[in-house]
Protein chains: 2
Amino acid sequence: MGDADRAAIRPDRGSDMKLLIVEDDQFHASFMVETVGDILPEVSEITHVADGDKGEEEAKSGDYPAVILDLQMPGRNGVEAARTIWAAHPETRILFWSNYADEAYLRGITTIVPETSAYGYVLKTTSANRLGLALRAVLIEGQIMVDREINRYHQRATTPRSTLTESEFSVLVDLALGLTDKLIADRRAMSLRSVQNRLLSLYQKLEVDDEGGAFNKRTRAVNRALLTRMLNVETLIAAERELGPWYAKKLARSE
Amino acid sequence: MGDADRAAIRPDRGSDMKLLIVEDDQFHASFMVETVGDILPEVSEITHVADGDKGEEEAKSGDYPAVILDLQMPGRNGVEAARTIWAAHPETRILFWSNYADEAYLRGITTIVPETSAYGYVLKTTSANRLGLALRAVLIEGQIMVDREINRYHQRATTPRSTLTESEFSVLVDLALGLTDKLIADRRAMSLRSVQNRLLSLYQKLEVDDEGGAFNKRTRAVNRALLTRMLNVETLIAAERELGPWYAKKLARSE
DNA sequence: AAACCTTTTGCGGGTTCCCGCAAATTAGCT
DNA sequence: AGCTAATTTGCGGGAACCCGCAAAAGGTTT
């Protein structure tokens, strides 16, 4: 009986797999439809929508076992779309593909991916071979696969920049949102001095110190994070949406 | 004789126009090649290169009267490529096309376009009709054409945000680079208080004031500018390259 | 030239930020 | 429990930032 359940939820190599493609660029979309047709004979039905909101809707009603999701889209961000899709269907396998190798996206994805699922992250510039491999590995076999180009950002750098911890990353986001030290302390529930300690280690890791020291560390840190693709504008938009309600509540509380 | 000169430099509707396409995305590139073939019979020879550096080289040696330039490219930025192309051949007509409607790009272009030339800015999501129109208007007729979607960012907004002056924009860039007030004053050759005045008006125009006042104005301003697409990461990269030499010289001077 | 407007500059002080120092708390290990 | 390393927190002070106020310097109009 457990097998029957699993079969229903994960029609592995049946031959009637439904696939949802969410991609706003029509050329990439048609290329992807074509490639899937060639490489994945298991797929019997392909649905294509052109933006994140429609993708969420379709995924909610359609109950797709496999989704291909563009990360850069007008309106809803790819990572956010994935979050709501996974909230409704935690077993959905999602292959992200993106124009850029942004560490920020990868971080966003890895923090929301459920245990029961699989995901992949490939670049749009990747070869047809690697794309086919990823399609099969992630959507059919349920593996996790991340393009080597993306992880590269972690290691290599002009100097051995170490990767940020989760807590450092969250204060980085708050910093880039324009919050003040006190506000960050409030939001993350810690003391003012601790926030400043986090900032201190942030400044070190982003190498804000060793530039002659004449910079404004606050804005320089944001600058470094953006240019090294640790942070991107899309994640800032998403973070702003999370900040809004909290800040409104805080204002109400204090009055 | 003047006519002969003009004909040599601007082979208007001869039927042997050379065209250079600089575009890293192969799907968009092949689509563009196809479209040009359909719409511009005047073009006898199309060259396609996949990144900005190669584009600059090719344009320098090839002497193209018309160029199509992607704005988002790995390596050299589209606006920078245009600058060097125009430096060598000021009469070159360039059609920019982009994924995004960023005010920052438009500002960058309008400040470097020579009097003798023409340019256009269209979005990749634009209809084939409008694209064809722009191709003809800019590359053949030498008109200036900007997609309506892009100018929209100037006017509409949640509140009537006014557009920045040139001087305000330059301090915004310096701010986003992480410079300190004093450094900006140095760089732009004005007093410290003047810099702060500029920042003041920046804060007003970016509406940093009317948010409860609990924000760090410096980073919040950068945040607003990024989210409203007044500024983008590509222009920051370009600005950083300009800053580098100046800052090195300043360090040498002070020691 | 006089009146007027805009921009620039200096001064002063209130606030926030940056960070060294040391005590307190927590986490990890035997 | 007991010991050690790491993290958190408070305190304090120097630097940078934010900005009101008012004088000085340019630029325009009449």
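Note that the coordinates shown come from a computational prediction; the quantities given were computed from them, not determined experimentally. Throughout, protein chains are lettered first and strands after them, A, B, ... in sequence-line order, and every chain is numbered starting at 1.
For B:A185, the side chain to side chain contact (heavy atoms under 4.5 Å, CB included) criterion is met by B:V195, not counting sequence neighbours. The side chain to side chain contact (heavy atoms under 4.5 Å, CB included) check on B:R193 picks up B:S191, B:Q196, B:N197, with sequence neighbours excluded. With sequence neighbours excluded, the residues satisfying side chain to side chain contact (heavy atoms under 4.5 Å, CB included) with A:D25 are A:E23, A:F27, A:H28, B:H28. Taking the side chain to side chain donor-acceptor pair (under 3.5 Å) definition, one finds that A:R224 meets it with nothing, sequence neighbours left out.
Remark: C1' of C:dC18 and CG of A:L175 are 13 Å apart, rounded to the nearest angstrom. Taking atom CD of B:E168 as the reference point, atom C1' of C:dT6 lies 13 Å away to the nearest angstrom.
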>> Can you build the contact string for nucleotides 13-28 of chain D? Use B for base contact, S for sugar-phosphate-only contact, and - for no protein heavy atom under 4.0 Å.
In response: ---SSBBBB-------
> Under the side chain to side chain contact (heavy atoms under 4.5 Å, CB included) criterion, do A:E240 and A:L177 qualify, and how do the steps go?
Replying inline: CA-CA 7 Å; A:E240 181 84 31; A:L177 285 176; 3.5 Å; yes
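Between B:S194 and C:dT8 there is no side-chain N or O to OP1 or OP2 distance below 4.0 Å.
Taken from CD1 in A:I68 to CG in A:D70, the straight-line distance is 11.0 Å, to the nearest 0.5 Å. B:Y105 OH to B:Y121 OH: the interatomic distance, rounded to the nearest 0.5 Å, is 7.0 Å. Taken to the nearest 0.5 Å, the CG atom of A:L206 stands 9.0 Å off from the CD atom of A:E168.
End-to-end axis angle of the helix from C:dA1-D:dT30 to C:dT30-D:dA1, using five pairs per end and rounding to 10°, comes to 40°.
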